[in-house]
Number of protein chains: 4
Amino acid sequence: MGGTMDGTKQQRRGNTRQRIQDVALELFAEQGYEKTSLREIAERLDVTKAALYYHFKTKEEIIVSLFEDLTQPIQDLIEWGRQQPHTLETKREIIRRYSDALDGAAPLFRFMQENQATVRELRIGDTFKSRMTGLRDIIIDPESSLTDQVRCISALFTLHAGMFVMQDMESDPEERRKAVLEVAIDLVTQADRGSRGH
Amino acid sequence: MGGTMDGTKQQRRGNTRQRIQDVALELFAEQGYEKTSLREIAERLDVTKAALYYHFKTKEEIIVSLFEDLTQPIQDLIEWGRQQPHTLETKREIIRRYSDALDGAAPLFRFMQENQATVRELRIGDTFKSRMTGLRDIIIDPESSLTDQVRCISALFTLHAGMFVMQDMESDPEERRKAVLEVAIDLVTQADRGSRGH
Amino acid sequence: MGGTMDGTKQQRRGNTRQRIQDVALELFAEQGYEKTSLREIAERLDVTKAALYYHFKTKEEIIVSLFEDLTQPIQDLIEWGRQQPHTLETKREIIRRYSDALDGAAPLFRFMQENQATVRELRIGDTFKSRMTGLRDIIIDPESSLTDQVRCISALFTLHAGMFVMQDMESDPEERRKAVLEVAIDLVTQADRGSRGH
Amino acid sequence: MGGTMDGTKQQRRGNTRQRIQDVALELFAEQGYEKTSLREIAERLDVTKAALYYHFKTKEEIIVSLFEDLTQPIQDLIEWGRQQPHTLETKREIIRRYSDALDGAAPLFRFMQENQATVRELRIGDTFKSRMTGLRDIIIDPESSLTDQVRCISALFTLHAGMFVMQDMESDPEERRKAVLEVAIDLVTQADRGSRGH
DNA sequence: GATGAATGAGCGTTCATTCAT
DNA sequence: AATGAATGAACGCTCATTCAT
């Protein structure tokens with residue numbers, strides 16, 4: 001395992017791009033975007049900075065590529081949601097699937113959550129915002145009371161908080177995940193109940 | 001030449017420290033901590049960078065001082081809460097007062113929310129975290145179900161989300177504030193109901 | 001001689017800006033603009049690159065400042081010329097004075113001559129072009145034949161060529177200067193003679 | 001797959017070397033040598049940078065090859081001139097033919113004119129200089145007065161200026177060309193008259 | 001006849017920070 | 001209470017060049 005000739009350099013068959021993405025995401029999530037320098041990424045990979053530029057035109061392009069690669073499931077979810085009837089069961093399913101999607105790209109979402117100021121100024125900022133708005137519009141009934149609308153948004157943010165903020169709670173991660181999901185579903189359920197007359 | 005009131009320089013009778021804090025907070029909240037340079041702050045105030053160093057030992061000290069000055073109400077709130085009985089009414093009051101406290105230092109909290117990765121590495125990171133834990137421990141009943149614990153945390157995050165994320169909703173800010181507060185109080189109420197058996 | 005305290009650093013009373021300009025002009029003229037790096041300039045002055053940035057906002061600003069400082073005489077000459085009657089004697093005087101002005105800022109003009117492609121993309125490009133046009137319009141009679149117009153431009157370029165291209169001719173510089181001036185004056189004289197019919 | 005004539009790639013039957021030269025000259029003349037990167041040339045040709053290195057050993061070799069290919073007529077002219085008697089008519093013919101030669105390789109000469117600082121440091125610098133000296137020695141009578149020698153050099157520079165500097169004059173290019181040639185011939189004629197006593 | 005992948009050196013620029021005055 | 005002048009370290013980025021395939 002390792003190189004075919006010697007062990008000095010790891011296998012480098014054409015997976016460098018992927019390796020850059022992996023290391024970059026790890027560092028971005030750990031220390032933030034601005035505090036992570038290209039030098040640092042390059043050193044971890046044992047290549048030169050210039051090698052990064054062979055694979056990505058700018059530093060921003062690295063995070064953009066990660067965003068595009070990893071948020072596809074959410075985009076799919078939104079499209080699916082738009083074609084469903086706006087029933088309570090649909091909303092619940094959206095919450096469940098969104099929870100899964102967050103889980104599937106946890107480091108990226110941790111990064112987005114913790115670097116909002118940065119993200120806002122990056123190209124992905126608008127894209128992300130419009131996705132969140134898309135999601136919101138599916139689970140919110142525009143006719144409902146403001147309170148119920150807030151409940152729906154709160155449901156989404158409970159999922160986010162569940163991933164990153166509640167990590168220091170002493171409890172089994174899997175159980176916590178279930179509890180978070182339950183609270184979120186509860187919120188959209190209450191919102192729906194209010195919206196449909198009493 | 002260069003009288004005290006000639007208008008060329010704004011009134012500056014020893015309030016420079018305060019003015020630095022004001023401008024810094026504005027810029028930190030707007031563009032993030034790392035993207036705001038001391039040069040930028042100095043230029044806005046029409047003083048030199050070196051002047052900032054007369055008032056603050058480092059860049060970090062500026063944000064630390066803001067944090068200390070502006071989060072005192074929350075510290076007070078926690079101390080007050082600790083001395084109250086752990087009744088539902090206390091919890092509701094905590095939520096109400098926390099909502100007010102957030103409002104009173106909105107730009108700082110916006111900054112903390114949007115620069116979590118940065119804050120974590122700053123000296124204020126731990127302080128902030130321990131305050132949030134303190135608050136949490138007051139409104140959470142450790143005996144209650146995990147779901148109810150999540151409800152309480154969700155209540156706090158609903159307040160946060162209410163300040164920053166929901167700003168683009170079309171609705172009167174004051175009404176939104178009330179709706180957010182209602183949802184948060186609802187969450188701790190439900191949590192309390194579960195926790196006291198029923 | 002040297003510093004007041006020690007000889008390690010030359011006197012540095014506030015003349016650094018000037019010293020940067022001097023060294024920069026020398027190097028720009030010698031090796032061209034792009035091939036001269038700020039590192040090189042800084043090293044020659046025994047300061048850091050960052051010190052250059054205290055005095056000039058960008059590399060381009062260094063050359064712009066040189067241009068502005070050193071071409072003032074030519075600007076003055078143009079303004080003077082515009083207020084004179086368009087007689088032959090005026091034109092001859094323009095040529096004489098322009099020759100002096102070139103002499104007074106020889107390194108800058110050498111630089112401009114030898115880095116035209118670069119200058120064109122710099123902020124000074126347009127300014128320089130419009131100055132040359134201004135000069136031209138003073139010594140050219142728009143009614144004259146194309147040939148005579150060419151003679152006038154040729155006169156100006158003869159002066160330029162005299163400074164830089166003819167330097168390798170074996171001959172006393174002062175005599176060459178006189179000869180060049182004679183040819184240039186001859187050209188405008190011939191142009192004038194043609195233009196006045198006779 | 002990838003047929004010879006499918007239009008995806010332009011016809012490329014071994015003419016890549018030529019195409020590199022064409023594009024390089026265009027870009028060198030337009031933006032200068034240093035500001036034109038091999039990446040840019042490669043991208044315009046839709047090949048990789050490495051492909052350039054198949055055809056030329058270095059960046060410098062590209063400009064050298066252009067110089068050698070395009071200045072052959074001038075080399076021929078000089079050799080022809082050397083074998084002619086040093087009569088006025090010969091000199092006039094030299095001027096005429098040089099004007100044609102400049103026209104035939106206008107972009108290259110524009111490049112040389114506008115990038116003198118660069119050219120000086122390149123291998124072609126000396127070659128070019130010696131060619132100019134060769135030309136000069138043919139039309140200059142070493143016995144003549146300094147003024148007349150300057151006239152001859154001025155004649156050559158008038159031709160140069162005619163190509164590049166006078167392009168913004170409002171006038172038919174062909175007429176301008178004739179006028180420039182007339183002035184240049186006039187200059188050598190005057191020089192010759194002086195040189196032969198009279 | 002060319003590409004894919006990479007390098008090493010260097011660039012212009014910005015930053016937080018220092019210190020004598 | 002503040003400035004003028006500078007530094008050292010780092011940054012994102014680009015360049016000409018190389019070489020195995």
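In what follows, chains carry the letters A, B, and so on, assigned in the order in which the sequence lines appear, proteins first and then strands, with residues in each chain numbered from 1.
Rounded to whole angstrom, the span from the CZ atom of B:Phe56 across to the P atom of E:dT18 amounts to 16 Å. Between the CG atom of D:Asp46 and the C1' atom of E:dG1 there is a distance of 15 Å, rounded to whole Å. At whole-Å resolution of the value, CG in B:Leu52 and C1' in F:dT3 are 12 Å apart. Regarding C:Ile41, its CD1 atom lies at a distance of 14 Å from the C1' atom of E:dT13, rounded to whole Å. With rounding to whole Å, C:Arg19 atom CZ is found 13 Å from F:dA5 atom C1'. In this structure, NZ of C:Lys35 is placed 15 Å from P of F:dC15, rounded to the nearest angstrom. When rounded to the nearest whole Å, the span between NE2 of C:His55 and P of F:dA6 equals 4 Å. The distance between atom CZ of C:Arg39 and atom P of E:dC11, rounded to the nearest whole Å, is 4 Å.
Of the listed nucleotides (E:dC15, E:dT17, E:dT13), E:dT17 has the atom at the smallest distance from the side chain of B:Tyr53. With F:dC11, E:dA2, E:dC15 as the candidates, the nucleotide lying closest to the side chain of D:Thr16 is E:dA2. Nearest nucleotide to the A:Tyr54 side chain, out of E:dA5, F:dA2, E:dT18: E:dA5. Here the nucleotide nearest the side chain of B:Ala50, chosen from F:dT3, E:dG8, F:dG12, is F:dT3. When each of F:dG12, F:dA16, E:dA16 is scored by its nearest atom to the side-chain atoms of B:Leu38, the top-ranked nucleotide is E:dA16.
Pair assignment for F:dT21: E:dA2, on the basis of Watson-Crick or G-U wobble contacts that are both within less than 3.5 Å. The partner of E:dC15, taking Watson-Crick or G-U wobble pairs whose two distances both stay under 3.5 Å, is F:dG8.
At a cut-off of 3.5 angstrom, the base of E:dT3 holds no donor-acceptor pair with the side chain of D:Lys49.
Residues B:Arg123 and B:Glu60 come closest through the heavy atom pair N-OE2, 2.6 Å.
Under a 3.5 Å cut-off, the side chain of D:Gln31 and the backbone N or O of D:Leu27 do not form any donor-acceptor pair. The backbone N or O of D:Tyr33 sits less than 3.5 Å from a side-chain atom of D:Lys59, completing a donor-acceptor pair.
Comparing D:Thr36 and B:Arg17 by the nucleotide of DNA chain F whose heavy atom lies nearest to each, the residue mapping closer to the 5' end is B:Arg17. Positionally, the nearest nucleotide of DNA chain E for A:Ala51 lies more toward the 5' end than for the other of A:Ala51 and C:Lys57.
Each of A:Gln113, A:Arg120, A:Gln116 was compared with B:Glu114 under the side-chain hydrogen bond (donor to acceptor under 3.5 Å, both in side chains) criterion, and only A:Arg120 meets it.
At F:dA2, none of the side-chain N or O atoms of B:Thr48 fall inside 4.0 Å of OP1 or OP2 (strictly under the cut-off). A sub-4.0 Å separation between OP1 or OP2 of E:dT14 and a side-chain N or O of B:Ser37 is absent.
Contact of the A:Gln21 side chain with the A:Phe56 side chain is registered, since non-hydrogen atoms from C-beta on lie closer than 4.5 Å.
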